[in-house]
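Both ligands and their constituent atoms are indexed starting at 1 by order of listing.
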Amino acid sequence: MKPTIIFSSVILLLLCSIFKVQTEDCFCELKNLGQLFPMQKLEEIDRAFTNCIDVLAQEQLTEVDILLDSLHYRLLNLQEDMGRLEKENDDGIYGVISLRIIEIELSEIGDLILKLNSTSHRHRALTGNLAPQVKNLKSELEKLTDYDRMEVVKKHHENKKLKRHLSDCQAELKITPAPNITPAPGNCPFGHLLNVSGPHSYMTTVYGTSYPYGSWGMDPKPAPGKEGWYWLVALTNSNIYANYIRTYSSQSALIASQSAGDVIITSSNPTTNSLIGPGSVMYDNALYYNCYNYPKVCRFDMTTKSIHSVELPGAGYNNKFPYCHLTSCYTYTDIDLLTDESGLWVVYASEANFGNVVLSRLNASITLNILQTWNTSLFKKAISNTFMACGVLYATRYVDKDIEEIFYALDTTTGMERGNLSIRFRKVSGIVQYLNYNPRDHLLYVYNDAYILTYQAVFG
Ligand SMILES: *[C@@H]1O[C@H](CO)[C@@H](O)[C@H](O)[C@H]1NC(C)=O
Ligand SMILES: *[C@@H]1O[C@H](CO)[C@@H](O)[C@H](O)[C@H]1NC(C)=O
Ligand SMILES: *[C@@H]1O[C@H](CO)[C@@H](O)[C@H](O)[C@H]1NC(C)=O
Ligand SMILES: *[C@@H]1O[C@H](CO)[C@@H](O)[C@H](O)[C@H]1NC(C)=O
Ligand SMILES: *[C@@H]1O[C@H](CO)[C@@H](O)[C@H](O)[C@H]1NC(C)=O
């Protein structure tokens with residue numbers, strides 16, 4: 001029964017790809033397979049719990065009573081949140097937050113049930129009438145918790161989003177696309193970064209929550225025919241290393257975890273064939289990353305599979321100058337690659353610059369030479385991440401487990417630094433392992449404790 005449900009969700013999403021580029025037409029074949037979250041079941045369970053409480057009130061078993069009461073309120077919350085989720089606008093933040101809350105609620109309810117069971121075993125009085133009821137409730141809730149492990153709710157949500165994308169796509173067809181210009185660093189035709197909105201999309205990777213460290217995105221300068229492709233590098237080896245790039249041919253494929261294949265990074269040189277840390281970017285059909293165990297940037301060509309590298313003079317590596325929040329540092333985040341309108345950049349720190357951030361612009365080609373370097377006064381271990389947009393370097397700090405703040409900017413045209421920005425955005429989880437801006441879609445690509453998210457950069 002279960003495999004059918006999962007399979008159906010996948011089929012549904014694949015049918016719903018939007019073939020805009022190829023046909024200059026919007027096409028979406030959407031079938032409603034009717035797999036919605038079982039709200040009725042939730043109401044039934046809650047009713048059964050209310051009965052339990054009534055029975056217990058007579059028996060005056062306070063410990064169990066409190067547990068059941070607590071469960072009752074949990075279920076009411078869950079019902080409310082499910083109801084709200086159904087009504088929500090998918091493009092807002094609330095979709096993500098509600099999904100997280102519902103996941104947390106389901107797992108907390110599960111814990112309460114376990115506690116209730118162990119408590120009820122201590123109270124012999126419960127074994128008669130109540131024990132079978134508790135057992136029954138537990139199995140019902142288990143079914144609910146396991147209900148495609150929230151995948152149905154998520155996919156339902158994604159389908160609603162795809163439907164909206166379809167109407168956006170139809171609207172876009174009527175608009176003439178803007179000419180593709182490459183502005184010089186700092187000279188943004190669309191102004192300064194004013195805000196960050198979203199998340200606009202979010203999901204866990206194909207690896208679930210097993211690997212909190214990784215990087216992902218879309219190539220800002222894609223190879224012909226690969227305009228809609230996504231890439232993903234999860235640090236599947238100890239959360240530190242990886243040696244392959246997973247590719248997806250569309251957003252629907254990414255959502256449905258239908259990979260277009262893995263590209264293995266191999267070379268005759270063992271020092272450059274694996275990548276370390278979550279700082280990689282894809283640019284012009286090549287992956288740029290911190291080469292394993294060296295203060296170097298590697299370039300892996302996706303077509304020829306050749307690897308080139310460049311040393312960053314004096315760069316800290318292997319956890320010397322990582323990103324941090326207070327005393328907790330994000331492992332192997334010393335060397336961070338970035339992309340923007342003017343190409344490829346790298347952020348690191350050196351002892352010569354007192355552990356402060358050094359920014360270099362790189363020639364994104366096989367020569368991979370350093371074009372220009374800026375010494376900043378920004379202590380690297382005091383920031384949580386960075387990105388570039390329009391020749392401006394932005395740095396973030398951890399505010400709390402829900403909020404991250406862009407607080408710093410360095411304009412590379414004027415060399416002026418400022419630390420008084422306050423552009424805040426909401427996270428799904430505490431740590432932002434990866435942050436990069438894509439100049440093609442103006443989205444920030446984020447890896448947030450195994451969740452992959454995008455945010456819209458708002459300029460003006
Ligand atoms: C309750 O706990 C007992 C032992 O602690 C276990 O055998 C039983 O399967 C549990 N029942 C449920 C419904 O969890
Ligand atoms: C920035 O975006 C957030 C979320 O979309 C919004 O709540 C906030 O008002 C915006 N701030 C500004 C200054 O526009
Ligand atoms: C950055 O600082 C280092 C160390 O003091 C120095 O050698 C280098 O010339 C500086 N670079 C720039 C662009 O100021
Ligand atoms: C960048 O690399 C290309 C290709 O190797 C080379 O032709 C070009 O001169 C380089 N540009 C600069 C500014 O160094
Ligand atoms: C922020 O700092 C910069 C540079 O220190 C300064 O020019 C600017 O006026 C400051 N802005 C605000 C709003 O304080």
Side-chain angles (χ1 to χ4, degrees), residues 88-98 182 184-186 190-202 221 283-286 288 295 297-301 303-304 306-316 320-321 337 339 342-380 389 391 393-394 396 399 402-407 409-418 420-428 437 442-444 446 453-460:
E88 268 164 16
N89 174 352
D90 308 287
D91 287 333
I93 174 76
Y94 304 104
V96 185
I97 301 307
S98 309
T182 311
F190 34 83
H192 297 289
L193 181 70
L194 290 184
N195 204 355
V196 165
S197 72
H200 267 236
S201 72
Y202 57 91
K221 205 176 164 188
Y283 188 85
D284 197 10
N285 206 34
Y288 293 87
V297 172
C298 277
R299 176 190 191 275
F300 172 74
D301 192 299
T303 306
T304 66
S306 64
I307 299 179
H308 293 85
S309 66
V310 65
E311 176 143 359
L312 304 170
K320 189 169 175 65
F321 297 122
L337 279 305
T339 56
S342 42
L344 182 70
W345 304 77
V346 61
V347 155
Y348 58 98
S350 64
E351 262 177 16
N353 198 31
F354 317 105
N356 293 329
V357 165
V358 178
L359 172 71
S360 291
R361 194 153 85 86
L362 299 174
N363 187 352
S365 70
I366 55 168
T367 36
L368 199 55
N369 49 314
I370 296 172
L371 299 172
Q372 205 181 341
T373 295
W374 289 259
N375 290 329
T376 75
S377 59
L378 182 66
F379 190 52
K380 185 150 183 289
L393 174 72
Y394 294 94
T396 59
V399 175
D402 301 318
I403 306 282
E404 201 82 355
E405 182 181 62
I406 299 164
F407 75 102
L410 160 72
D411 188 333
T412 57
T413 16
T414 60
M416 197 171 92
E417 293 181 277
R418 48 179 296 199
N420 54 8
L421 262 66
S422 181
I423 301 173
R424 293 184 165 205
F425 60 91
R426 229 168 227 287
K427 301 174 275 191
V428 179
Y437 166 78
H442 296 182
L443 293 179
L444 294 173
V446 171
L453 309 108
T454 58
Y455 293 82
Q456 184 78 51
V458 182
F459 297 91

Which ligand 4 atoms are under 4.0 Å away from a heavy-atom of [X]?
X: Leu371; value: 12 (C), 13 (C), 14 (O)
X: Ser365; value: 1 (C), 2 (O), 3 (C), 4 (C), 5 (O)
X: Thr367; value: 1 (C), 2 (O), 3 (C), 4 (C), 5 (O)
X: Asn363; value: 1 (C), 2 (O), 3 (C), 8 (C), 10 (C), 11 (N), 12 (C), 14 (O)

Could you identify the single nearest non-hydrogen protein atom to [atom] and state the distance to 0.1 Å?
atom: atom 11 (N) of ligand 2; value: Asn195 ND2, 2.8 Å
atom: atom 6 (C) of ligand 3; value: Asn375 ND2, 4.1 Å
atom: atom 5 (O) of ligand 2; value: Ser197 CB, 3.7 Å
atom: atom 4 (C) of ligand 3; value: Ala352 CB, 3.7 Å

Taking [Y]'s backbone N and O only, do any of them form a donor-acceptor pair with [X]'s side chain (distance below 3.5 Å, no angle check)?
X: Ser365; Y: Thr367; result: yes
X: Asn375; Y: Val358; result: no
X: Lys427; Y: Ile403; result: yes

ask   = Which atom pair, heavy atoms only, marks the closest approach of Phe379 to Gly355?
value =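 Nearest pair, atom of Phe379 first, then Gly355: CD1-O, 3.4 Å.
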request  = Check the surroundings of atom CD in Glu351: do more than 12 heavy atoms from other residues, nucleotides or ligands lie under 6.0 Å from it?
outcome  =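 No, because the 6.0 Å sphere around CD of Glu351 holds 12 heavy atoms or fewer from other groups.
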message = Apply side chain to side chain contact (heavy atoms under 4.5 Å, CB included) to residues Leu337 and Leu344 and explain how you reach the verdict.
response = CA-CA 7 Å; Leu337 279 305; Leu344 182 70; 4.3 Å; yes
ask   = Does atom 9 (O) of ligand 4 have any protein heavy atom closer than 4.0 Å?
value =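 Protein heavy atoms within 4.0 Å of atom 9 (O) of ligand 4 - there are none.
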query = From atom 14 (O) of ligand 3, is the closest protein heavy-atom distance below 4.0 Å?
reply =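 Yes; the ligand atom in question has protein heavy-atom contact below 4.0 Å.
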key: Interfacing atoms of ligand 3 (cut-off 4.0 Å, heavy-atom, Thr373)   =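 In order of number, 13 (C).
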Worked check of side chain to side chain contact (heavy atoms under 4.5 Å, CB included) between Trp345 and Val347 = CA-CA 7 Å; Trp345 304 77; Val347 155; over 6 Å; no
inquiry  = Could you walk me through whether Thr396 and Ile423 satisfy the side chain to side chain contact (heavy atoms under 4.5 Å, CB included) test, starting with their C-alpha distance in whole Å, then the side-chain angles of each, then the deciding distance to 0.1 Å, before giving a yes or no?
reply    = CA-CA 9 Å; Thr396 59; Ile423 301 173; over 6 Å; no
request  = Under 4.0 Å, heavy atoms only, figure out whether ligand 4 is touched by the backbone of Asn369, its side chain, both or neither.
outcome  =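 For Asn369, the contact with ligand 4 is made by the side chain alone.
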